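Here is the structure we will look at.
Atom set for the values below is all heavy atoms of this structure, side chains included, hydrogens, waters and symmetry mates excluded. What you are looking at is a predicted structure, and each value in this text was computed from that prediction instead of being measured. Below, read A as the first sequence line, B as the second, and so on, with proteins coming before strands; counting in each chain starts at 1.
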Amino acid sequence: MIELSSRFNFNEVDAKWSRYWVDNNLFHAEVNPDKKPYTVVIPPPNVTGILHMGHALNNTLQDIMVRYKRMRGFEALWMPGTDHAGIATQNVVERQLSKEGKTRHDLSREEFLERLWAWKREYGDTIIHQLKKLGASCDWPRARFTMDEGYSQAVRSVFIRLYKKGLIYQGEYIINWCPRCQTALSDEEAEHRDLQGNLYHLRYPLKDDPRQCIVVATTRPETMLGDTAVAVNPKDKRYKKYAGKTLTLPFVDREIKVISDECVDPKFGTGAVKVTPAHDPNDFAMGRRHKLEFVNVMRPDGVLNQRAGKFEGMDRFEAREAIVEELRQLKLLEKIEPHTHAVGHCYRCHTVVEPYLSKQWFVRMGPLAKPAIEAVRKGKIKFYPSRWTKVYLNWMENIRDWCISRQIWWGHRIPVWYCIGEGKCTLKCKEPIVSETTPTQCPHCGSGNLKQDEDVLDTWFSSWLWPFATFGWPASGKKDWDYFYPTASLFTAPEIIFFWVARMIMAGQEFMGDIPFKDVYIHGTVRDAKGRKMSKSLGNAIDPLEIIKEYGADALRYSLIINSGQDLFISKEKFEIGRNFANKLWNASRLILMNVKDPDIDVDLAKFDRKTLDLPSRWIIARFYATLEKVGTANEHYRFSEAENLIYEFFWGNFCDWYLELIKDRWADPAIQKIAFGVLRDTLKMVHPFMPFVTEELWEKTGKEKGPLCRQGWPVVSKKLIDKSAEKQMQTLMALVAAIRNVRSQWNVNPAEQIECHLVTTSAKDAALIKENTAVLKQMARLGDTRIAGPNSGKVKNAVTVLSGDIKCVIPLGEVIDVDKEKKRILNQVQEQKKALGALAQRLRNKEFLKKAPAEIVAREKERLTLLNTRVTELKQVIASLE
RNA sequence: GGGCGGUUAGCUCAGUCUGGUUAGAGCACUUGAUUUACAUUCAAGGGGUCGUUGGUUCAAUUCCAGCACCGCCCACCA
């Protein structure tokens with residue numbers, strides 16, 4: 001007999017097993033020709049990351065699948081690691097510096113990077129430790145970092161391949177510029193948010209006749225200093241007479257032309273657009289078309305430069321106010337209209353991004369997107385839920401080139417050098433030298449004076465290689481990727497589809513010649529009870545580590561997953577369900593262990609012969625296997641909340657509330673011990689992927705001869721033990737018990753008190769069933785002397801007599817089983833009528849029949865149909881009246 | 001502007017794909033239980049015209065269309 005405390009002490013158990021699993025390297029996977037691989041790569045959290053609910057959900061989902069597949073006999077590998085997260089990490093260290101009153105420019109590049117690496121060494125594993133607390137069954141020794149040595153090799157190699165193919169180019173374009181981070185951002189990194197702004201109507205006077213003006217509308221008046229034209233639609237009659245005319249740009253006194261361009265929408269604003277080719281992507285395109293001058297009026301920090309004339313040195317928003325005010329005084333401000341529009345914000349620091357002209361590196365996406373679209377179209381890659389397929393395809397079909405250079409220091413430096421050898425240089429020396437290794441001299445002039453490109457690559461330019469770079473690609477030697485690639489499933493959040501999922505699909509096909517994963521599971525967003533995204537700044541975040549401390553890791557996992565059908569609305573109380581269920585598992589096991597003489601008995605549920613078992617035992621085993629089968633199917637289809645619901649219903653609703661109650665007085669029976677013990681052990685296996693800690697602990701308590709639970713096999717469904725008739729019979733008995741309990745409750749009979757009962761049923765079968773199972777009624781409904789009468793056994797029909805003290809009552813069996821019988825009989829009729837209905841309706845839909853048959857027959861059939869339907873309705877009413 | 005998702009009990013959600021049993025669960029609520037695995041428990045109960053209007057059908061919470069409200073994503077209307 002084993003003594004256990006009556007509370008599941010999760011803190012102790014969590015710590016014990018997360019250490020045990022890791023210390024014993026139980027999640028290690030390697031190339032194994034005897035097994036099929038099942039590979040998942042973790043979405044690498046940022047090294048700056050601290051576990052939040054989104055991580056907890058994402059990683060629990062992965063862990064469930066990986067543990068499940070491992071138990072199903074796959075060589076299951078969950079590849080862990082972290083992402084260097086360029087801007088985010090640099091920002092953290094810059095904040096540190098600013099506390100010392102410094103900026104990164106007070107340090108050399110090398111010194112700054114040393115600070116970054118020091119930070120990474122100190123704090124970079126924080127999230128890894130936290131994932132271990134969650135129970136993540138990653139192959140930890142394999143953990144990779146997107147800036148470790150081998151990974152850098154992969155990044156360089158990819159850059160060079162793409163460059164050689166002409167898919168990487170450098171050029172001056174309008175990109176999203178964050179004036180705070182002072183770097184370019186990709187389109188995906190600029191988050192658009194609706195802002196209440198203004199539409200300013202400005203007057204630009206004609207050079208020849210300054211009393212006449214063209215009115216242009218803009219949301220960013222400060223950019224007017226960089227205007228080099230005004231554009232109108234060639235079809236716009238209002239402006240026909242102005243085409244080709246010259247205007248004088250206020251403040252800078254530049255002469256600018258009125259040009260005609262199709263892309264101007266006559267309906268918006270005034271129909272005349274100020275053209276600022278250096279500060280707007282549309283205007284940039286127009287500037288190219290009309291060979292306009294590109295005037296950049298802003299410094300990289302968002303302050304106006306010397307080309308802004310008297311406004312030089314003003315911040316862009318300050319300048320906006322100043323310019324508007326001065327225009328007003330010059331009577332060149334027509335009006336200001338309120339105007340809501342989407343404004344891009346830096347996804348890291350939330351500063352308003354500036355469309356800014358600068359020289360950057362780009363990846364040409366069209367050719368890469370093509371096979372990636374095909375792979376999803378043809379179903380080689382599937383999204384779960386499938387509706388995300390459309391989102392993906394829509395984006396891919398409208399994909400734009402990817403700006404990959406960043407003006408920061410933390411990241412993979414662009415493997416490009418420029419020759420600055422003086423004097424001897426040839427024309428060719430102006431070409432960038434793209435090289436996998438650091439070149440020592442210029443290939444054209446032989447000068448050793450080379451300078452590497454200052455910029456680093458977008459973080460995602462390394463992340464998109466994750467599914468194969470983590471396996472050592474492209475280094476020679478141990479080619480783990482041959483075995484583990486392509487991976488099986490990817491688990492991620494919707495907002496990552498464009499950043500990462502799509503790009504991995506492109507990279508996989510381009511560099512490996514194969515898709516990176518077969519399934520993409522997109523999970524919901526974790527929100528607070530009011531539906532707002534959880535975030536530190538809102539202060540509405542619930543810390544998963546706090547939940548682990550207060551409720552246990554299993555509770556956290558279980559509660560998140562059971563709510564994970566769609567977006568999750570989380571409050572602290574939602575975690576009680578997991579805590580309660582873990583505790584239920586604990587206490588039910590405790591009960592069994594207190595009663596099972598030999599906790600090392602070896603029980604194989606599948607070997608029971610159902611002929612030798614009593615009804616409740618047949619039933620509970622049938623319920624177990626039916627549940628097991630459904631849980632397996634749900635897991636395979638990524639329907640984890642459904643799986644948890646099934647488990648909950650089975651273990652709590654069937655096993656604890658009924659079976660364990662039923663056998664309460666029968667523990668002396670070794671057969672009963674074996675069944676309870678067997679069901680428990682197999683349940684622990686089934687639950688383990690969802691709640692690894694409590695199940696592992698209980699598994700150990702139920703006999704450790706087989707080694708840790710996480711390496712056990714998943715129970716095999718025994719179809720022959722799914723006993724349908726046992727399930728039906730138990731349902732009948734359970735309904736009877738419920739009905740009697742109802743009566744007792746209404747009569748306020750003390751639950752401990754036994755009552756006599758006289759049961760009458762119209763069905764001989766039921767009478768026999770009850771007779772054989774009076775023990776069930778006795779135990780569950782506290783029936784004392786019970787007389788059961790079958791049909792024709794007396795005058796009392798369809799009634800139950802309940803004697804309780806001096807209360808004696810005969811009630812119709814309406815609430816008990818006979819009503820069930822009566823209902824069933826009628827329902828059968830209903831079903832039959834419906835079958836007839838279906839057939840008839842189908843016949844009437846058949847055109848041949850309608851053509852051939854005489855009109856009166858058709859009419860008669862139709863009438864019959866109506867009659868049948870009326871009959872069905874009537875029958876339903878009868879059922880209702882039986883209530 | 002385009003696209004997607006949602007609307008079912010007081011709250012959070014299943015179910016609807018494949019139309020037809022008595023529309024389910026958890027929480028909350030009401031009543032009762034307590035030496036006997038668990039009050040993180042057990043039993044019983046109340047509570048829903050399934051957003052709205054039409055259509056298809058013998059039959060619609062379920063299929064179709066319109067509408068309303070809520071949410072999300074994408075988009076260069078300056």
- request: Ignoring backbone atoms, establish whether A/R7 has a side-chain N or O less than 4.0 Å from OP1 or OP2 of B/U40.
  value: yes
query: Closest nucleotide of RNA chain B for A/L568 versus for A/L591: which of these residues is on the 5' side?
result: A/L568
Between A/W586 and A/F8, ring centroids under 6.0 Å: yes
- request: Give me the ring orientation class for A/Y551 and A/F575: parallel if the planes are under 30° apart, tilted from 30 to 60°, perpendicular past 60°.
  value: tilted
message: Checking A/V273 against A/F268 for the side chain to side chain contact (heavy atoms under 4.5 Å, CB included) test, could you report, in this order, the C-alpha distance in whole Å, the side-chain angles of both residues, the deciding distance, and whether it holds?
response: CA-CA 9 Å; A/V273 186; A/F268 187 85; over 6 Å; no
- request: Calculate the interatomic distance between A/W658 atom CH2 and B/C42 atom P; express it in whole Å.
  value: 13 Å
message: Using OP1 and OP2 only, check whether a side-chain N or O of A/N563 sits under 4.0 Å from B/C13.
response: no
message: Just the rounded figure in Å: distance from P of B/A14 to CD of A/E644.
response: 15 Å
query: Which stems does RNA chain B form, counting runs of 3 or more consecutive Watson-Crick or G-U wobble pairs with both distances under 3.5 Å?
result: B:1-7 with B:68-74, B:10-13 with B:24-27, B:29-33 with B:41-45, B:51-55 with B:63-67
query: Would you say a side-chain N or O of A/K274 is under 4.0 Å from OP1 or OP2 of B/C77?
result: no
query: When rounded to the nearest Å, what value does the distance between C1' atoms of B/U18 and B/C29 take?
result: 38 Å
query: Would you find a donor on one side and an acceptor on the other, under 3.5 Å apart, between the side chain of A/D261 and the backbone of A/A231?
result: no
query: Judged by atom type as modelled, is there a donor-acceptor pair below 3.5 Å linking the side chain of A/D280 to the main-chain atoms of A/N282?
result: yes
- request: Considering only atom P, compute the distance from B/G46 to B/A25 and round it to an integer number of Å.
  value: 12 Å
message: Over all strands shown, is A/F268 touching base, sugar-phosphate only, or nothing at heavy-atom distances under 4.0 angstrom?
response: base
query: How does each nucleotide of nucleotides 3-9 of chain B score, in 5' to 3' order, for protein heavy atoms under 4.0 Å: base (B), sugar-phosphate only (S), or none (-)?
result: -SS----
task: Ignoring backbone atoms, test whether A/W652 places a side-chain nitrogen or oxygen under 4.0 Å from the OP1 or OP2 oxygen of B/U41.
output: no
- prompt: What distance, rounded to whole Å, do you find between the two P atoms, one in B/A33 and one in B/G48?
  reply: 28 Å
task: Take atom C1' in B/A59 and the same atom in B/C42, then report the distance between them in whole Å.
output: 42 Å
task: If the plane angle is over 60° it's perpendicular, under 30° parallel, otherwise tilted; pick one for A/Y638 and A/Y384.
output: tilted
- line: Sorted by position of nearest nucleotide on RNA chain B, 5' first, the leading residue of A/D187 and A/R220 is A/D187
message: At under 4.0 Å between heavy atoms, how does the protein contact nucleotides 23-32 of chain B? Give one character per nucleotide, 5' to 3', with B, S or -.
response: ---S------
Separation of atom CD1 in A/I256 from atom C1' in B/A78, rounded to whole Å: 14 Å
- prompt: Looking across every strand, which nucleic acid part, if any, lies under 4.0 Å from A/D657 by heavy atom: base, sugar-phosphate, or nothing?
  reply: sugar-phosphate
query: Looking only at side-chain N and O atoms, does A/R400 come under 4.0 Å of OP1 or OP2 in B/C76?
result: yes
task: Answer yes or no: does a side-chain N or O of A/H339 lie under 4.0 Å from OP1 or OP2 of B/C77?
output: no
- prompt: Do other residues, nucleotides or ligands put more than 12 heavy atoms under 6.0 Å from A/E12 CD?
  reply: no
field: Ring centroid separation A/Y648 to A/F581 under 6.0 Å
entry: yes
